[in-house]
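I have placed the structure first, in the form of structure tokens, so that the comments after it can refer back to it.
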2 protein chains.
Amino acid sequence: MLNPRGPVPLYVQVAEQIQQDITAGQLQPGQLAPSEAQIVARWGVARITARKAIAVLRERGLVHTVRGRGTFVGPEGTPHNPKSTKAASIAAELAEEIRAGRYERDVPLPSETMLAQRFDVAKGTIRAAVAILREQGWAYTVPMRGTYATDPARWPKG
Amino acid sequence: MLNPRGPVPLYVQVAEQIQQDITAGQLQPGQLAPSEAQIVARWGVARITARKAIAVLRERGLVHTVRGRGTFVGPEGTPHNPKSTKAASIAAELAEEIRAGRYERDVPLPSETMLAQRFDVAKGTIRAAVAILREQGWAYTVPMRGTYATDPARWPKG
DNA sequence: GCTCATTTGTCCGTATGTATC
DNA sequence: TGATACATACGGACAAATGAG
């Protein structure tokens with residue numbers, strides 16, 4: 001992958017491999033670029049080298065960095081895309097199951113506690129996932145009763 | 001800015017430019033002096049040169065260095081200006097708003113979540129900022145109720 | 001309010017190779 | 001020969017901000 005003895009510095013080689021992922025569209029604006037630790041693990045370089053590679057991308061205006069969060073694709077001001085949050089992925093999985101007819105219409109979905117166990121996450125995460133399902137129209141909640149799958153006639157399309 | 005071919009070593013020249021910023025008062029005691037990386041970027045020198053420049057300032061007693069935090073203006077023991085932390089600057093902004101009468105006395109301040117959104121920081125940072133407000137006497141917290149602005153009669157002075 | 005893991009920021013020490021004076 | 005300086009690269013450590021739980 002990398003040529004440590006060539007005329008091109010390692011950090012430039014790493015930067016350009018990441019740049020390819022960006023221009024190829026595999027890394028969309030707002031998404032997280034590889035972290036320093038990921039670069040270290042993936043290319044077997046030192047952290048300084050990883051940092052310099054990111055600095056190159058930053059100078060080229062391809063990414064911007066937020067301390068404590070990571071480096072994001074796109075220039076400063078690009079809206080961050082939390083596409084990879086746990087709640088969203090759980091919501092997607094549940095939506096898929098609803099579409100597959102796994103849940104009857106008159107029976108509540110599994111409780112927060114059950115879902116929290118199944119996905120091995122906190123109840124708060126399940127609550128967020130259910131909120132997404134409601135927003136997208138896959139489910140509705142009746143206070144003191146539970147959350148139910150939406151009628152197939154009203155399923156969102158796409 | 002720098003004269004690489006003159007009789008004065010680069011690292012001394014860099015040190016003396018920073019020293020000017022200090023004696024001119026642009027860099028106050030307790031403030032962060034330029035980091036190694038900033039020196040590299042600003043004067044286009046190598047890291048070794050930046051380190052040596054800082055070492056010169058340290059030998060002259062103008063700065064002191066704390067590992068992991070940076071180099072601060074003033075000799076060892078100088079109180080670090082907490083303005084450099086995010087929580088402190090948020091606390092200062094909120095204190096200013098309290099002084100301006102923006103919050104009623106009987107109504108809680110905005111929740112941690114709201115403030116975290118407004119300042120685009122983590123809830124932990126807001127928590128630290130509120131703790132500072134409490135310490136300074138600008139606000140007090142009632143468990144399970146919220147945080148309230150202090151009565152104007154008890155505002156800290158200064 | 002607390003702990004924990006992740007991530008970036010900063011500093012420290014070292015090393016190799018090149019170049020100038 | 002030695003001091004100065006640059007560019008590159010490694011490894012380690014601590015600190016601060018964030019986010020999940």
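Naming convention: chains lettered A, B, ... in sequence-line order (proteins, then strands); numbering from 1 in each chain.
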If hydrophobic clusters are built by linking Ile, Leu, Val, Met, Phe, Trp and Tyr wherever their side-chain heavy atoms come under 4.5 Å apart, do A:I39 and A:L10 end up in the same one? yes
Any A:Y11 side-chain nitrogen or oxygen under 4.0 Å from OP1 or OP2 of D:dA9: no
Distance in angstrom units between A:E36 CD and D:dA9 P, rounded: 16 Å
B:K52 NZ to C:dG13 C1', in whole Å, measures 15 Å
What is the distance, rounded to the nearest whole Å, between atom CD of A:Q13 and atom P of D:dA7? 19 Å
How many Å lie between CD on B:Q38 and P on C:dC11, as a whole number? 8 Å
Looking at every strand, decide which applies to A:L10 at a 4.0 Å heavy-atom threshold: base, sugar-phosphate, or nothing. sugar-phosphate
According to a strict under-4.0 Å criterion, is A:S35 in side-chain N/O contact with OP1 or OP2 of C:dT6? no
For B:A50 and B:E36, work out which heavy atoms get closest and say how close. CB-O, 3.9 Å
Just compare C:dG13, D:dA7, C:dT8 and give me whichever is closest to any side-chain atom of A:T65. C:dT8
Looking only at non-hydrogen atoms, find the nearest pair between B:D21 and B:R42 and report the distance. OD2-NH2, 3.5 Å
Distance below 4.0 Å between B:R47 side-chain N/O and D:dA7 OP1 or OP2: no
Given that B:G68 and A:V8 both sit by DNA chain D, which one's nearest nucleotide is further toward the 5' end? A:V8
C:dT20 C1' sits how many Å from B:I48 CD1, rounded? 15 Å
Think A:T49 has a side-chain N or O under 4.0 angstrom from the OP1 or OP2 of D:dC10? yes
Taking all atoms of both residues into account, what is the closest heavy-atom pair of A:T150 and A:A139, and its distance? OG1-N, 3.0 Å
Output yes when at least one side-chain N/O atom of A:R69 is less than 4.0 Å from OP1 or OP2 of D:dG19, else no. yes
Which nucleotide sits closest to the side chain of A:A46: C:dG9, C:dA15, D:dC10? D:dC10
What are the two closest heavy atoms between B:T78 and B:V73, and how far apart are they? CG2-O, 4.0 Å
Report the distance from atom CZ of A:R67 to atom C1' of D:dT18, rounded to the nearest whole Å. 10 Å
Without decimals, in angstroms, what is the distance between A:R5 CZ and D:dA9 P? 12 Å
Whole-Å gap separating P (D:dT8) and CG (A:N3): 15 Å
